[in-house]
Structures are given as C-alpha cells and as structure tokens.
Amino acid sequence: MTQNYTLCEIKENNGRNGKPVWIIVKGIVYDVTKFIKEHPGGEDLILEYAGKDATKAFNDVGHSIDAIHDMKLYKIGVVDNECSQQCQTVTTESKTHTQSTTEQNCQRQKKRMKFFFCF
Ligand code: HEM
C-alpha cells in the first residue's frame, strides 16, 4: 500500500539536526538521505530543497532517463494533498517542531473510512 505523507510531515524531514532528507518531485516523496553524498549535482543542491517540493529545480536541470529511473530507489510515498493543512510550529521544553492537529485528525478520519469500507 502506498504511504501518504502530509506537507507538515515532509517539512519536518529537512536534514537538520540529524533528521532524514526528504524531497518532493511531482507529488512523490523521496528519502534521499543516503543518496545526497553520491548525487552528481552535489549534496548542497538537494539540501536546499530538503523537506520541500523540488519539482521545478529537478526538471530545470533536465535529468537523464537513468537519473529518473534511479529515483525509484528512493521513493517512500506520495503527498497527502487531502490532509495537508496549515503547519503550526510547536515549541516544547527542549525542541521546536512542526505539527498540525487538523492534519492528524484528517489522517485518522481517512483511516477510519478505509476500515469502514473494507467491511
Ligand atoms: C531523487 C532525486 C535525484 C536523483 C536520483 C538525481 C540524480 C542525478 C544524476 C544521476 C545526475 C547526473 C546527470 C544525469 O544523469 O542526469 C544528476 C545531476 C544533477 N542534479 Fe540531480 N538528482 C536528484 C535530485 C536533484 C535535485 C532536487 C536537484 C536540484 C537542483 C538536482 C540537481 C542536479 C544538477 C544541477 C545536476 C547536474 C550536475 C552537473 O552536470 O554538473 N538533482 N542528478
């Protein structure tokens, strides 16, 4: 089953403080944490788009068919547009992170609906 990720979840995985590096290209979410060191275009270029939509930058480069083929290795899911709402920045005692209660509720609701329609 394809995993769905909201824009808030993706934004959290921005490569900072040891977090993974996720990027979006054409609505698909890629975990490129291990790949960035091998990227022929350099690590920094991808890091600029960590946690963000890199579609335009990716297309503008005119990546080869081989590069497009390699992307499959890093696919982890798709953007959950239905549940992607406004992100909130929450500061707890020791750290700041983004989360959205509305997103979490939306995802729970979707899971419930899926379960309901299975029976
Ligand atoms: C999963 C994502 C990506 C993969 C698998 C990937 C893969 C590759 C590969 C294999 C090349 C060598 C040339 C080619 O075969 O086209 C390349 C070059 C390049 N990539 Fe990516 N890339 C990714 C994401 C990005 C992103 C988000 C950017 C953003 C700007 C980017 C910028 C570049 C640039 C500028 C080059 C040209 C390097 C040069 O010719 O000097 N790439 N990439």
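Only heavy atoms go into these numbers, but all of them, side chains included; no hydrogens, no water, no symmetry mates. In listed order, ligands and their atoms are each counted from 1.
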Atom pairs and distances, ligand 1 N/O vs protein N/O under 3.5 Å:
from: ligand 1; atom 1: 15 (O); to: Ser64; atom 2: OG; distance (Å): 2.5
from: ligand 1; atom 1: 16 (O); to: Ser64; atom 2: N; distance (Å): 2.7
from: ligand 1; atom 1: 16 (O); to: Ser64; atom 2: OG; distance (Å): 3.2
from: ligand 1; atom 1: 20 (N); to: His39; atom 2: NE2; distance (Å): 2.8
from: ligand 1; atom 1: 20 (N); to: His63; atom 2: NE2; distance (Å): 2.8
from: ligand 1; atom 1: 22 (N); to: His39; atom 2: NE2; distance (Å): 2.9
from: ligand 1; atom 1: 22 (N); to: His63; atom 2: NE2; distance (Å): 3.0
from: ligand 1; atom 1: 42 (N); to: His39; atom 2: NE2; distance (Å): 2.8
from: ligand 1; atom 1: 42 (N); to: His63; atom 2: NE2; distance (Å): 2.9
from: ligand 1; atom 1: 43 (N); to: His39; atom 2: NE2; distance (Å): 2.9
from: ligand 1; atom 1: 43 (N); to: His63; atom 2: NE2; distance (Å): 2.9

Assess whether side-chain contact (heavy atoms from CB on, under 4.5 Å) is satisfied between Asn14 and Lys19, documenting all intermediate values. CA-CA 6 Å; Asn14 53 13; Lys19 285 189 185 152; 4.1 Å; yes
Can you confirm whether Phe35 sits close enough to Leu73 that some side-chain heavy atom of one is under 4.5 Å from a side-chain heavy atom of the other? no
What do you reckon, is CD of Glu82 surrounded by more than 12 foreign heavy atoms closer than 6.0 Å? no
Plane angle bin for Phe58 and His63 - parallel if under 30°, tilted between 30 and 60°, otherwise perpendicular: parallel
Quick one: does Asp44's side chain get under 4.5 Å of Leu47's, heavy atoms only? yes
Using only heavy-atom distances, determine whether the side chains of Asp66 and Ser64 contain a donor-acceptor pair under 3.5 Å. no
